[in-house]
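Written out below as structure tokens is the structure these notes cover.
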Amino acid sequence: MDLVISVIIIAISAFWIDQGITRYGFWPDGIPGGGFIPVLFGIVALIASVAVVALRKRKHEQPAPVDYTAFIPIGAGVVGIVFIQTLGISLAVFFLMFLWMKFLSKYSFLKSIGVSLAFTLFIFGVFRVWLRVPFPSGLFHLM
């Protein structure tokens with residue numbers, strides 16, 4: 001499984017490096033450009049993934065059985081993107097936190113609601129109210 005994920009990360013890293021250099025500019029006009037951080041992260045991820053692949057080949061280990069629960073965060077990320085587009089970021093954060101805490105972490109209903117609500121209000125208060133960052137409001141335009 002780690003071999004498959006390493007190959008996927010190598011492809012993503014190559015994309016980050018390519019986009020950082022060709023599209024956003026790595027070092028335009030003698031200063032770091034918009035592609036500076038993606039290129040650096042891409043290089044670090046690329047080196048780490050290549051090292052995992054190289055170590056795997058050297059050890060000749062049998063791959064571990066696939067644990068499909070490892071894909072839950074990926075699924076949650078996809079659901080989060082859909083929630084942000086449809087519900088807006090505030091409601092998406094609330095629902096994702098609640099669902100994660102209630103069904104994956106097995107917290108009580110009241111604790112899941114309370115923590116999710118407190119975290120969502122904190123994020124909304126700091127970024128939307130205090131710093132005036134425009135949030136995606138989704139289809140319903142509630143917040």
task: Starting at CG of Asp18, measure out to CZ of Arg23 and round the result to the nearest 0.5 Å.
output: 10.5 Å

- prompt: Phe98 and Tyr107: ring-ring contact (aromatic ring centres under 6.0 Å, His included), yes or no, with the steps?
  reply: CA-CA 9 Å; Phe98 171 75; Tyr107 284 102; over 10 Å; no

task: Would you name the heavy atoms of Ala92 and Leu87 that are closest together and state the gap between them?
output: N-CB, 4.4 Å

- prompt: If you look at every heavy atom in Ser49 and Ile10, which pair is closest and at what distance?
  reply: CB-CG1, 3.4 Å

task: Rounded to the nearest 0.5 Å, what's the gap from CD1 on Ile17 to CZ on Phe26? Could you check?
output: 10.0 Å

query: So Phe127 and Phe135, would you call those rings parallel, tilted or perpendicular, with 30° and 60° as cut-offs?
result: tilted

- prompt: Does Leu110 share a hydrophobic cluster with Trp100, counting links as ILVMFWY side-chain heavy atoms below 4.5 Å and allowing steps through other members?
  reply: no

- prompt: Taking a hydrophobic cluster as the set of Ile, Leu, Val, Met, Phe, Trp and Tyr residues connected by side-chain heavy atoms closer than 4.5 Å, whether directly or through intermediates, do Phe83 and Val78 fall within one such cluster?
  reply: no

field: Closest non-hydrogen atom pair between Met101 and Lys111, with its separation
entry: CE-O, 4.1 Å

- line: So CE of Met97 and CD1 of Ile113: to nearest 0.5 Å the spacing works out to 11.0 Å

query: Could you give the distance from CD1 (Ile84) to CG (Leu91), rounded to the nearest 0.5 Å?
result: 11.0 Å

message: Hydrophobic cluster membership, with links at side-chain heavy-atom distances under 4.5 Å among I/L/V/M/F/W/Y: are Phe15 and Val4 in one?
response: yes

message: Let me check something: do Ile89 and Phe124 share a hydrophobic cluster, defined by ILVMFWY side-chain heavy atoms less than 4.5 Å apart, either directly or through other members?
response: yes

message: Check for me, please, whether Val50 and Val39 land in the same ILVMFWY cluster - side-chain distances under 4.5 Å, paths through other members count.
response: yes

message: Ignoring hydrogens, what is the shortest heavy-atom contact between Val52 and Ser6? Give both atom names and the distance.
response: CG1-OG, 3.1 Å

CD1-CZ distance between Ile123 and Phe94, expressed to the nearest 0.5 angstrom: 14.5 Å

Heavy-atom pair with the smallest gap, counting every atom of Arg128 and Val133: CD-O, 3.3 Å

message: In the structure I gave you, are the side-chain heavy atoms of Gln19 and Pro38 within less than 4.5 Å of one another anywhere?
response: no

query: How far apart are the closest heavy atoms of Ser13 and Ala45, and which atoms are they?
result: OG-CB, 3.2 Å

- request: Drop me the distance from Phe103's CZ to Ser112's OG, to the nearest 0.5 angstrom.
  value: 8.5 Å

